[in-house]
Amino acid sequence: MWSGGKDSALALHRARAAGRTIGCLINFYDAASQRVRFHATRIEMIRAQAAALGLELRAVGTAWEAMPRGLEAELRSLKEDGFAGVVFGDIHLADVRAWYEERVGAAGLEHIEPLWGTRSIELLQEFVAIGGRSVLTCVNLDVLDESWLGRIIDRAFIDDIAATDADACGENGEYHTFAFDGPMFARPVSWQPGETRRESNFAQLDLLP
């Protein structure tokens with residue numbers, strides 16, 4: 001279940017390290033804006049990630065209110081195609097995990113959470129230590145200011161985010177990212193910063209190929 005962010009990338013890496021074979025990426029995006037909800041990432045950039053990962057992408061464009069039905073249909077399709085389970089990048093939000101786990105189980109698939117229960121700061125340190133790199137594409141302005149947009153997640157970022165009130169991984173929606181390098185990729189994903197915009201209490205950075 002691929003959002004394009006660092007947690008998805010680390011979950012993929014951990015799943016492979018545990019002996020899981022990953023057959024495809026599943027991504028839900030807003031059909032109207034052609035962007036991943038919250039992350040604000042263009043679907044074309046998600047396609048670029050999939051190409052760099054060497055994985056099939058099952059990209060599902062939908063309206064937000066139709067997403068549950070779309071997910072259930074996609075899970076049935078995975079089961080029919082012979083997949084055994086779905087990997088997620090949740091860390092500690094029990095209600096979010098339960099919502100997905102119920103639907104995955106109902107489809108007869110295994111629900112897999114490689115990151116679950118690990119402290120956020122430890123996950124961030126692990127991501128950087130293995131060579132993972134990600135850029136901030138969205139921040140909640142109630143917690144972080146606009147200057148965080150475009151920051152690269154590296155060792156300096158770990159120290160800086162630890163000094164704030166935000167969850168180190170942004171698990172509560174404090175920030176979202178786009179992963180572009182690391183051992184999970186066959187090659188880095190190239191990108192350049194586009195315009196900055198605001199939506200409600202969120203600031204978003206557009207990423208361009």
Side-chain angles (χ1 to χ4, degrees), residues 1-18 20 22 25-30 35-41 46 49 60 62-72 74-75 78 85-107 109-128 130 132 134-144 148-149 151 153 157-158 160-179 182 184 199-204:
M1 193 71 173
W2 183 261
S3 68
K6 62 176 177 21
D7 299 332
S8 288
L10 186 56
L12 170 62
H13 180 74
R14 279 193 171 191
R16 282 174 166 169
R20 305 277 186 182
I22 306 301
L25 307 175
I26 309 166
N27 176 270
F28 283 82
Y29 65 96
D30 179 71
R35 297 177 186 276
V36 179
R37 189 174 172 88
F38 302 121
H39 290 248
T41 305
I46 300 293
Q49 284 179 321
V60 183
T62 183
W64 181 246
E65 58 273 14
M67 187 270 190
R69 294 193 302 275
L71 175 64
E72 289 165 6
E74 190 60 35
L75 292 173
L78 289 171
V86 184
V87 176
F88 291 81
D90 298 311
I91 301 172
H92 59 66
L93 297 180
D95 57 337
V96 174
R97 173 174 177 163
W99 191 89
Y100 282 105
E101 195 163 14
E102 178 182 354
R103 286 156 178 79
V104 171
L109 296 163
E110 183 182 1
H111 183 272
I112 304 154
E113 293 278 8
L115 310 185
W116 188 258
T118 308
R119 292 176 63 234
S120 291
I121 192 67
E122 293 174 5
L123 291 172
L124 200 61
Q125 290 166 341
E126 178 182 344
F127 179 76
V128 171
I130 64 174
S134 195
V135 56
L136 269 68
T137 58
C138 178
V139 295
N140 184 333
L141 295 171
D142 291 337
V143 186
L144 301 172
W148 289 82
L149 283 179
R151 284 283 303 268
I153 292 186
F157 178 89
I158 294 174
D160 291 345
I161 200 69
T164 73
D165 293 329
D167 179 271
C169 281
E171 180 71 345
N172 301 308
E174 296 94 334
Y175 69 89
H176 298 284
T177 67
F178 177 83
M184 62 290 297
E199 182 176 314
S200 184
N201 60 325
F202 294 92
Q204 302 170 339

Pairing residues for [X] by the salt bridge (charged side-chain N to carboxylate O under 4.0 Å, His left out) criterion, not counting sequence neighbours:
{"X": "Glu74", "answer": "Arg58"}
{"X": "Glu199", "answer": "none"}
{"X": "Arg20", "answer": "Glu110"}

Contact check, side chains of [X] and [Y], non-hydrogen atoms, under 4.5 Å:
{"X": "Asn172", "Y": "His92", "result": "yes"}
{"X": "Val86", "Y": "Tyr100", "result": "no"}
{"X": "Leu78", "Y": "Ile26", "result": "yes"}

Could you tell me which residues satisfy side-chain hydrogen bond (donor to acceptor under 3.5 Å, both in side chains) with [X], sequence neighbours excluded, listed by chain and number?
{"X": "Ser134", "result": "Thr177"}
{"X": "Thr62", "result": "none"}
{"X": "Asp90", "result": "none"}

Classify the angle between the aromatic ring planes of Phe88 and His111 as parallel (below 30°), tilted (30 to 60°) or perpendicular (above 60°). parallel
Could you pull out all residues at least two apart from Tyr29 that satisfy ring pair (Phe, Tyr, Trp, His ring centres under 6.0 Å)? none
Side chains of Asn201 and Asp142: donor-acceptor distance under 3.5 Å anywhere? yes
Could you measure the distance from the [atom1] atom of [X] to the [atom2] atom of [Y]? Nearest 0.5 Å is fine.
{"X": "Leu123", "Y": "Leu115", "atom1": "CG", "atom2": "CG", "value": "5.5 Å"}
{"X": "Asn140", "Y": "Phe38", "atom1": "CG", "atom2": "CZ", "value": "11.0 Å"}
{"X": "Gln204", "Y": "Leu149", "atom1": "CD", "atom2": "CG", "value": "8.5 Å"}

Heavy-atom closest pair, residues Leu71 and Phe28: CA-CZ, 3.4 Å
Residues in side-chain contact (heavy atoms from CB on, under 4.5 Å) contact with [X], at least two apart in sequence or another chain:
{"X": "Asp165", "answer": "none"}
{"X": "Ala166", "answer": "Val143, Leu144, Ile161, Thr164, Glu174"}
{"X": "Asp160", "answer": "Trp148, Arg151"}

Pairs satisfying salt bridge (charged side-chain N to carboxylate O under 4.0 Å, His left out), at least one member in residues 95-104, at least two apart: Glu72-Arg103, Arg97-Glu101
Less than 3.5 Å apart, which donor and acceptor atoms pair up between the side chains of residues 1-18 and the rest of the protein, not counting sequence neighbours?
residue, atom, partner, partner atom, Å
Trp2, NE1, Gln49, OE1, 2.8
Ser3, OG, Gly5, N, 3.2
Ser3, OG, Ser8, OG, 3.1
Lys6, NZ, Cys169, O, 2.8
Ser8, OG, Ser3, N, 3.1
Arg14, NE, Glu126, OE1, 3.3
Arg14, NE, Glu126, OE2, 3.2
Arg14, NH1, Pro114, O, 2.8
Arg14, NH1, Thr118, OG1, 3.4
Arg14, NH2, Glu126, OE1, 2.6
Arg16, NH1, Met184, O, 3.4

What do the steps show when you test Leu136 against Phe157 for side-chain contact (heavy atoms from CB on, under 4.5 Å), and what is the final call? CA-CA 11 Å; Leu136 269 68; Phe157 178 89; 3.7 Å; yes
